[in-house]
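For the single chain, residues carry numbers from 1 onward in sequence order. Just so it is clear, the model here is predicted, and its values are computed rather than measured.
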Amino acid sequence: CSNGAASDLGDVTSCASCVTYSCFDWLPGSEDMIQREQLYYQHTLDKVYFGVGSYGNDPSKGGLCYRIKTDTIDRDLIVQVVSKHVEDGNFKLMLADGGLGAENACTFDGSSVPQFASLEGDWGNLYGGWSFPEQCALLPDQPACGFAKDSMQNLCEFSFTAGFRKTDLLDSNPSITHVCEVSCPSELWMATGLHRLDEVNSDFQCATGVPPVATTGQLLRYMDCAKPEYAWGGINGLLDPDYDIVVPCRRDGYARVNSIPTMPPTSWPSYAPTATNPPTPGPSKKPSVRTTTTPTFTVTSPTPTVLPTFAPSVDPLCCSNTVYEAWQWPYCKNAANVSSQSVTSCSACTAYQCVDWNVLSSAMQEREANFLIETGEKVYFGVGSYGNDLSRAGLCYRLTVNGIDRDLIVQVITEGNKVADGNFNVMMADGGFSDEYNACVNTKKNAILPQFPGNLSQWGGNRGGWVNQSGCDLIPEYPICAANRVDNMRTLCRESFQRGFRIPNNVAASNPTISKMCAVKCPSQLWTATGLHRKDEANKQVQCVAGLSEPAGGKLSRSMDCSKPSYGSVSIANTFADTQRVVPCRRDGYTRINSRPTSIPTLMPTASPTKNDTLCCADTVYREYEWPYCQNPADSTILSVPSCAASSCLSYQCIDWNVLSTAMQQREKDYKSKNKGDNVYFGVGSY
């Protein structure tokens with residue numbers, strides 16, 4: 001299989017042609033690397049970054065893994081050697097826009113069939129790439145073949161914000177303070193297809209008997225898109241006979257060269273071939289499992305609840321001092337005000353706007369569809385501010401807006417000091433934010449835990465965001481901590497122009513005019529999304545009625561500051577509020593602050609109960625693994641227990657116990673990797 005870095009591959013123009021490249025999902029910050037890191041964390045509680053690259057020129061290092069500590073990255077790296085050609089003491093990490101170098105398969109300057117339809121000038125310096133995060137927006141965002149789930153521009157920005165490169169023209173490489181050889185996690189080598197059986201260290205941590213390799217080197221970077229060195233073989237060491245070579249990718253950057261390309265790419269790429277499409281056998285020194293039709297175990301991120309609501313979960317709560325039963329959470333800090341705390345995790349107790357509150361979000365559309373079924377009314381839902389009169393908190397208004405094809409029903413969830421009567425400020429993607437209230441990006445003044453990656457310049461100005469649809473292509477697509485990428489901010493921004501929520505090409509008058517505005521009953525589909533419900537609404541209908549109109553002729557302005565809404569902090573008087581506060585979200589933008597984040601999917605069902613969760617059966621001694629009081633549904637005397645929830649305490653067989661289930665296949669692979677290739681099936685039953 002030809003290396004994509006070859007200068008002239010002849011008439012090889014198809015995306016399905018057998019030309020090989022490096023894989024996008026090897027890049028730190030990529031969706032699949034994050035998933036692998038999460039799976040590794042589940043069984044080790046060791047929070048690291050994964051990566052691949054080169055370490056020296058010694059072929060005996062091929063396939064080995066090293067644990068690296070640097071002076072700028074907030075956690076250790078575990079990296080695998082998949083290539084060579086770097087000075088001893090340094091590790092050269094594959095990183096988005098890390099530098100094309102001499103082996104360039106990214107652009108037309110280095111290959112007739114480049115992985116990206118671009119030229120060297122789009123990628124910054126030949127060695128090291130761009131020097132500042134703002135320049136990442138100049139990169140080609142997607143490969144020539146297919147549509148990558150990873151944005152090269154976002155991954156480039158991540159490399160700056162996470163400390164993988166410094167904004168120092170003279171010294172942009174982090175210093176390595178410690179490096180040692182460790183056992184290579186299966187989550188990492190399964191992504192490359194290369195596994196050593198002669199590792200000196202059997203642990204993932206630096207061992208006492210394994211001295212540090214170097215303490216004065218640097219973490220260098222590259223991204224040449226080319227087939228890695230050890231995809232050609234040539235490793236001097238004891239290799240797993242089933243996994244003895246790096247398996248590179250096709251031109252889309254995800255489909256392995258021994259698989260047919262997939263559109264869209266497999267949710268978690270691995271070295272294993274597509275089960276029903278074995279590759280055409282070629283010259284080989286020996287048979288390989290990679291030419292069989294062994295089915296792959298694919299980890300798929302769980303689909304988020306379509307309609308997130310304020311209702312608290314039974315899981316441990318975010319803020320220990322919060323009286324959740326009274327809907328009070330003043331101790332959950334507004335992320336816009338977090339400036340000095342050592343709070344870096346996605347599970348940190350900081351509060352944000354919810355992404356699904358945005359006009360046109362997938363959840364809002366679902367709520368609107370449910371409302372249409374109930375009432376026959378086709379409207380848009382939204383949230384926002386209408387002055388700073390506390391008596392309006394939680395009220396809903398119906399707006400008729402010039403240029404928008406249907407009415408809006410919007411709820412007041414925050415105060416707006418500059419939103420005069422007759423105007424409504426609605427939350428929408430890239431709606432703009434102020435210097436005072438901003439939890440979207442880190443401006444060094446506030447929001448050290450921003451909800452989104454990137455920098456201020458990508459958002460088109462503080463107030464109102466971009467005034468042209470083309471600017472939407474520059475904003476970050478998803479929150480930093482979003483495990484399930486449901487709502488693409490760029491798409492929502494474009495749609496806000498297309499549907500008339502903002503008038504393009506007019507800086508002074510980009511807000512459409514409200515021709516009619518009145519107070520209405522707040523639909524349950526809307527207030528269940530915010531957690532704020534009034535019991536004293538003057539209008540008991542969703543239509544306007546006489547005597548409840550607001551001043552006409554105002555403007556529909558916009559904002560999106562990502563910060564906790566005002567009425568998520570201010571207590572609303574019990575005399576008129578059914579629930580006292582808006583329930584904001586965690587950093588992922590979907591998980592409500594009164595629920596535990598669910599960003600890490602449960603990979604392998606186990607017998608161990610989840611720590612601190614509410615248990616199914618009150619009389620069960622779970623610590624002793626005794627649950628006789630969980631009734632068997634096969635008992636014909638059980639009556640009237642219809643719910644799928646934990647309140648229906650019935651116990652069943654587990655589907656993943658079945659022979660050949662995906663979880664059983666993963667357990668078999670884990671066993672095989674730890675037991676010198678012992679190939680067995682797992683099962684359960686009776687004897």
Could you work out, with side chain to side chain donor-acceptor pair (under 3.5 Å) as the rule, every residue matching Ser159, not counting sequence neighbours?
Arg165
Pair Phe160 and Phe132, ring centroids less than 6.0 Å apart
no
Heavy-atom closest pair (Gln153 atom, Cys136 atom, distance to 0.1 Å) is CG-O, 3.2 Å
Under a 3.5 Å distance rule, please check whether Asn201 uses its side chain to pair with a backbone N or O of Glu181 as donor and acceptor.
yes
Would you say the side-chain atoms of Thr161 pair up with the backbone N or O of Phe158, donor to acceptor, closer than 3.5 Å?
yes
Distance-minimising heavy-atom pair for Cys440 and Pro450
O-CB, 3.3 Å
Determine whether the aromatic ring centres of Phe91 and Tyr66 lie less than 6.0 Å apart.
no
Looking at Asp76 and Lys47, is any side-chain nitrogen of the basic one under 4.0 Å from a carboxylate oxygen of the acidic one?
no
Full working for side-chain contact (heavy atoms from CB on, under 4.5 Å) between Tyr40 and Gln35
CA-CA 9 Å; Tyr40 168 80; Gln35 175 123 38; over 6 Å; no
How close do Phe682 and Val659 get, counting heavy atoms only, and between which atoms?
O-CG2, 3.8 Å
Given Leu188 and Trp26, is the side-chain contact (heavy atoms from CB on, under 4.5 Å) satisfied, shown in steps?
CA-CA 9 Å; Leu188 180 54; Trp26 293 338; over 6 Å; no
Test side-chain contact (heavy atoms from CB on, under 4.5 Å) applied to Gln205 and Asp46, step by step
CA-CA 9 Å; Gln205 302 285 342; Asp46 183 22; 3.3 Å; yes
How close do Ser183 and Phe204 get, heavy atom to heavy atom, and via which atoms?
O-CD2, 3.3 Å
Using ring centroids (six-membered ring only for Trp), state whether Tyr478 and Phe452 fall under 6.0 Å.
no
Output field: ring centroids Phe116/Trp123 closer than 6.0 Å:
yes
Nearest heavy atoms of Pro174 and Thr70, plus distance in Å
CB-CB, 4.1 Å
Asp198/Arg196 ion pair, N-O < 4.0 Å:
yes
Are any of the side-chain nitrogens in Arg221 or Asp97 under 4.0 Å away from the carboxylate oxygens of its partner?
no
Arg75 charged N/C atom sitting above Tyr49 aromatic ring, 6.0 Å / 45°:
yes
Could I get the full list of side chain to side chain donor-acceptor pair (under 3.5 Å) partners for Gln458, not counting sequence neighbours?
Glu157
Cys249 and Arg256 have their tightest heavy-atom pair at SG-NH1, 3.5 Å
Salt-bridge contact Asp58-Lys84 (side-chain N to carboxylate O under 4.0 Å):
no
